[in-house]
Amino acid sequence: MVTRRKFIQQCSVLTAVSMVNTPNLFKVHKDLGLQLYTVRDEIKDIKNALAKISAAGYTNLELFGYNNRMFFGNTVEQFASMLKNNNLKTVSGHYGLADMLHAPGYNWDTWKYLIDDATTLGNKYITIPYLDDKHRTGDDFKRVAERLNKGGELSKKAGIDTAYHNHNFEFEKEGNITKYEILLNNTDPNLVKFEMDLYWVVYADQNPVEWFKKYPGRFPMWHIKDMEKPNASGDKGQTCEVGKGIIDWKPIFAAKAIAGLEYTFVEQEQYRHPVFDCIKTSADYMKKNLLK
């Protein structure tokens, strides 16, 4: 028997497939993005960090650090002004609301406040960045899917989409499927989007393009971070500047229409060079090779 939710999901997938075949429907924005977490050690001087991000060629900043409706000691309004002064916009933020994800009987107040703040910032996406290791069972992922659907309903009314960002643990199996599939299968494509972190997908020995084909149109945002070669013991490499690692970006970007890609965000978690040099290297590579 096909449930109402399953029917809606199937119809949404068919719609996504038809959309993929419509020329020019999906548009990859040339505004090069950076996940602010990349320069986390420099945020002690946030004004200098924002100026250097802008100087490196970025125009779109994905936020992190939201805490008690503030960013690094600044109100949302103050932070929005700082971005504007550095010619930066923000279409997405990483917002880790543990109560929204896990609390029994959650009343949605903090989510409503977040929608107000995301609107002030000009966000198009409210993105859930992470699930802590205490909440990763199959039942946890089903509950999170339900919360994402409800959050998506509320954010949609404000013209904002709700999204989920992966790491590698989502690709662990729960029975015959992955936990990532639990999220994808139990969320409404019209309400919940996915930001694919390509490094972690490759780290989990998955092929991003196969996921795009299985769930077309559901991945409007990508994290672009490269991977160093495995070390002598065979362990997978740490993150590095885009274009300096082993990830083959060409076939991934060739499938951008299938994914429904709109925005790309460079991210780097470890460095062998000064961080602002690293983000400049990645920006130059992205503009020359991937966002032409």
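- A 4.5 Å side-chain heavy-atom check between Leu101 and Tyr106 finds every atom pair outside the cut-off.
- Distance alone, capped at 3.5 Å, is enough to place a donor-acceptor pair between the Asp188 side chain and the Asn190 backbone.
- Side-chain contact, Asp235 with Ser233: a donor N or O sits under 3.5 Å from an acceptor N or O.
- Counting only heavy atoms from C-beta outward, the side chains of Leu121 and Leu63 approach each other to under 4.5 Å.
- Side-chain polar atoms of Gln270 and Thr239 form a donor-acceptor pair below 3.5 angstrom.
- Under the 3.5 Å distance criterion, with hydrogens and angles disregarded, a donor-acceptor pair is assigned to the side chains of Thr178 and Glu181.
- Ring orientation note: the planes of Phe79 and Phe71 are close to parallel, at an angle under 30° on the 30°/60° scale.
- In terms of modelled atom types and a separation under 3.5 Å, the side chain of Tyr58 and the main chain of Ile279 share a donor-acceptor contact.
- For Phe64 and His94, the ring centers are positioned 6.0 Å apart or more.
- The aromatic ring centroids of His167 and Tyr130 lie less than 6.0 Å from each other.
- Looking only at distances, a side-chain donor or acceptor of Asn60 sits under 3.5 Å from a matching main-chain atom of Val91.
- Judged purely by atom type and a 3.5 angstrom limit, Asp226 has no side-chain atom pairing as donor or acceptor with the backbone of Cys240.
- Side-chain contact between Tyr113 and Arg69 is present, with heavy atoms from C-beta onward closer than 4.5 Å.
- Closest approach of Leu191 to Glu153, counting heavy atoms only: CD1-CG, 3.5 Å.
- No hydrogens or angles considered: a donor-acceptor pair under 3.5 Å links the side chains of Lys124 and Tyr263.
- Not one N or O on the side chain of Lys213 forms a donor-acceptor pair closer than 3.5 Å with the backbone of Ala255.
- Considering every non-hydrogen atom in both Lys292 and Lys287, the closest pair reads CG-O, 3.7 Å.
- The distance between the ring centers of Trp211 and Phe194 does not fall below 6.0 angstrom.
- Counting only residues at least two apart or in different chains, salt bridge (charged side-chain N to carboxylate O under 4.0 Å, His left out) contacts with residues 91-116 are absent.
- Thr38 places a side-chain N or O within donor-acceptor distance of the main-chain N or O of Gln268, the cut-off being under 3.5 Å.
- In this pair, Tyr66 and Tyr95 present their aromatic rings perpendicular. The plane angle is above 60°, beyond the 30 to 60° band.
- Using a distance-only test at 3.5 Å, with no hydrogens or angles considered, no donor-acceptor pair links the side chain of Ser54 to the main chain of Leu50.
- For the residue pair Asn123 and Thr90, a side-chain donor N or O sits within less than 3.5 Å of a side-chain acceptor on the partner.
- For His102 and Arg143, the side-chain atoms include at least one donor-acceptor pair closer than 3.5 Å.
- Taking the ring centre of Phe169 as origin, the terminal cationic atom of Arg136 falls inside the region bounded by 6.0 Å and 45° from the ring axis.
- No side-chain heavy atom of Glu42 sits less than 4.5 Å from a side-chain heavy atom of Lys52.
- The closest donor-acceptor contact from the side chain of Thr281 to the backbone of Asp277 lies under 3.5 Å.
- Taking the six-membered ring where tryptophan is involved, the planes of Phe212 and Trp222 are essentially parallel, since the angle between them stays under 30° and well short of 60°.
- The shortest distance between side-chain heavy atoms of Glu62 and Glu267 does not fall below 4.5 Å.
- With a 6.0 Å radius and a threshold of 12 heavy atoms from other residues, nucleotides or ligands, Lys156 has its NZ atom above the threshold.
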Item to check | Worked check of side-chain contact (heavy atoms from CB on, under 4.5 Å) between Leu183 and Val144 | outcome: CA-CA 8 Å; Leu183 289 180; Val144 168; 4.0 Å; yes
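- The side-chain heavy atoms of Ile246 and Pro230, taken from C-beta on, include a pair separated by under 4.5 Å.
- The closest donor-acceptor contact from the side chain of Asp197 to the backbone of His223 lies at 3.5 Å or more, if one exists at all.
- The hydrophobic clustering, which links ILVMFWY residues whose side-chain heavy atoms are closer than 4.5 Å, places Val28 and Phe265 apart.
- Side-chain N or O atoms of Arg40 include none that pairs as donor or acceptor with a backbone N or O of Gly65 at under 3.5 Å.
- Using a 4.5 Å heavy-atom cutoff, the side chains of Trp108 and Arg147 are in contact.
- The residues Lys236 and Asp205 are annotated as salt-bridged, a charged nitrogen and a carboxylate oxygen being separated by less than 4.0 angstrom.
- Using a 4.5 Å heavy-atom threshold, the side chains of Met221 and Lys193 count as separate.
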